[in-house]
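Let me begin by presenting the structure, written as structure tokens, before commenting on it.
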Amino acid sequence: MDVSYEIALKERGRVVTGRDLMPQLPELLRSVGADRMVLLADAGVAEPAAQLAEELGAPILSVPGGEALKTWAAVEERAQELLEVGATRKTLLISMGGGATTDFGAFLAAVYMRGMRSALIPTTLLAMADAALGGKNGVDLGIHKNLLGAIRQPDLVVCDMARLTTLDDAAIAEGLVEVVKKAAMLDAEIFEALEGDLDALIARDPAAILAAVDAAVAMKLGVVQADAREADHRMLLNFGHTVGHALESLSGFALPHGTAVALGMEVECRMIESEITARLSALCERLPLRGARPEASAEEIWALMQRDKKSSAGQVRIAAPRRLGQGEVFEVQRGDLLACLN
Ligand SMILES: NC(=O)c1ccc[n+]([C@@H]2O[C@H](COP(=O)([O-])OP(=O)(O)OC[C@H]3O[C@@H](n4cnc5c(N)ncnc54)[C@H](O)[C@@H]3O)[C@@H](O)[C@H]2O)c1
């Protein structure tokens, strides 16, 4: 089997990465053990999804993919479809697509009959390097990202690099942001390797991309296995996200998630006067990201930061590295944001 990296999770499930896993997928999925399988397929990967469904003899629930999918109304609609195809708690829901589809599908699997089996096949670099890992799932409530959700480890995650060929360069860059984020917080050596390999990564050198995904899986699952419920340590994975989510909301979700996180990391580093601010900005500037900071005042951004899930009793907390590879959680004030945005 062409598996590059495999990790079994403490709670349940396992994550498998590799370069051309399509021939092994049916066997991997069957190893979960289920009474039947249903494939929730992102329109962005309609062709390989149709091929997989045929091999498995599984019905397909087609979804458009993208953030617009992540609504409560869509959960109700797709749950009805699961009922119509006879899905039970022992049925495996396979969610194949970008991070929006894996977030949505994993949430649907968590609430359908109080929890059915769930496998994720992330098909964007961002979903492989972040969204499909760690068990967090959910949908949005109006402009509030991921406000309705659960933490539940999937039974299986399969990251097949073959899926990345149909993505554009900006989508690859957005995924790389999530790898950079983790390395900046957790591992100086990986950060330095990313700096060195960035041109190869942007050019999609297969070995470099697979190494970056493997590093992301190891870093994220290392943190999640220590703190699945986000008591403390898991917050370290939120670098760039407190400001980033606010920017995404204020753009009406037009700003891609990876770009929002890159912008968020830069602002959050400046807020805590991090010594890696310039180095991180230089790295992100080399990435062909799309989208720019939405027209929004610092007050509007701050108001949304106060509603972030890490905040409580009006205290806003961000996770950021003051030194490379040594992320911490900081309490920040409105003035810190105003000082670096004005
Ligand atoms: N649960 C978590 O821990 C976590 C972490 C990070 C991000 N996320 C979520 O991930 C989502 C962003 O994920 P994303 O960046 O993958 O974007 P996305 O899921 O919105 O997908 C972007 C577009 O790419 C298309 N697509 C998917 N795979 C493709 C492929 N192989 N080839 C061509 N097109 C393809 C989709 O149809 C969609 O149009 C956000 O909703 C974010 O909140 C979740």
Side-chain angles (χ1 to χ4, degrees), residues 15 22 40-49 52 62-71 74 95-107 109-110 118 120-141 143-154 157 159-179 181-182 204 209 213 216-217 219-221 223-224 228 230 234-241 244-249 251 253-262 264 289-291 309:
V15 179
M22 204 64 178
L40 183 85
D42 186 319
V45 287
E47 230 173 86
L52 179 63
S62 298
V63 291
E67 198 66 30
L69 170 67
K70 289 173 59 177
T71 65
S95 306
M96 181 172 185
T101 299
T102 56
D103 267 12
F104 175 84
F107 181 58
S118 171
L120 308 180
I121 305 178
T123 60
T124 62
L125 185 57
L126 189 139
M128 292 185 193
D130 202 29
L133 307 170
K136 279 202 205 171
N137 58 52
V139 295
D140 305 325
L141 187 65
I143 64 161
H144 303 289
K145 282 272 293 182
N146 305 326
L147 204 97
L148 306 171
I151 298 180
R152 179 176 184 257
Q153 298 303 331
V157 180
C159 303
D160 182 357
M161 304 308 125
R163 295 282 67 79
L164 302 176
T165 51
T166 48
L167 292 173
D168 62 20
D169 291 346
I172 296 290
E174 283 153 27
L176 290 173
V177 169
E178 293 285 1
V179 189
K181 171 201 82 176
K182 292 186 211 8
R204 302 161 184 243
I209 293 275
V213 170
V217 173
M219 285 188 285
K220 180 151 186 183
L221 295 181
V223 170
V224 170
E230 202 163 56
R234 191 169 174 159
M235 274 190 206
L236 296 182
L237 296 169
N238 269 282
F239 176 33
H241 281 63
H245 276 165
L247 297 176
E248 258 183 297
S249 294
S251 75
F253 297 125
L255 191 62
H257 182 74
T259 308
V261 172
L289 293 165
R290 66 194 136 194
K309 290 193 274 304

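Read the numbers this way: they start at 1 and go in the same order the structure lists the ligands and their atoms. Worth knowing before you read on, the calculation uses all heavy atoms, side chains too, and leaves out hydrogens, waters and symmetry mates. Count residues from 1 along the sequence. This one's a predicted model, so the numbers in the text were calculated from it and none came from an experiment.
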Taking K181 for the side chain and L237 for the main chain, is one N or O donor matched with an acceptor at less than 3.5 Å?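 It does hold such a pair.
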Any donor-acceptor N/O pair, K70 side chain to A100 backbone, under 3.5 Å: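 No, the answer is negative, given that no donor and acceptor are paired below the 3.5 Å cut-off.
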Residues in salt bridge (charged side-chain N to carboxylate O under 4.0 Å, His left out) with R204, at least two apart?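 Scan of R204 (salt bridge (charged side-chain N to carboxylate O under 4.0 Å, His left out), adjacent residues dropped) gives D169.
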For residues E174 and H257, is any side-chain donor paired with an opposing acceptor at under 3.5 Å?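 No - no donor-acceptor pair under 3.5 Å links their side chains.
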Write out the protein residues near ligand 1, meaning a non-hydrogen atom under 4.0 Å from one of its atoms, in order of chain and number.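 Close residues (ligand 1, cut-off 4.0 Å): D42, G44, V45, P64, G66, E67, K70, G98, G99, A100, D103, T123, T124, L126, D130, A131, K136, K145, N146, R163, T166, L167, K220, H257.
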To the nearest 0.5 Å, how far apart are CG in L236 and CG in N238?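 Between atom CG of L236 and atom CG of N238 there are 9.0 Å.
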Qualifying residue, where the test is side-chain contact (heavy atoms from CB on, under 4.5 Å) with L69 and the options are D140, L40, V63: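 So, applying the side-chain contact (heavy atoms from CB on, under 4.5 Å) to L69 and each of D140, L40, V63, only V63 qualifies.
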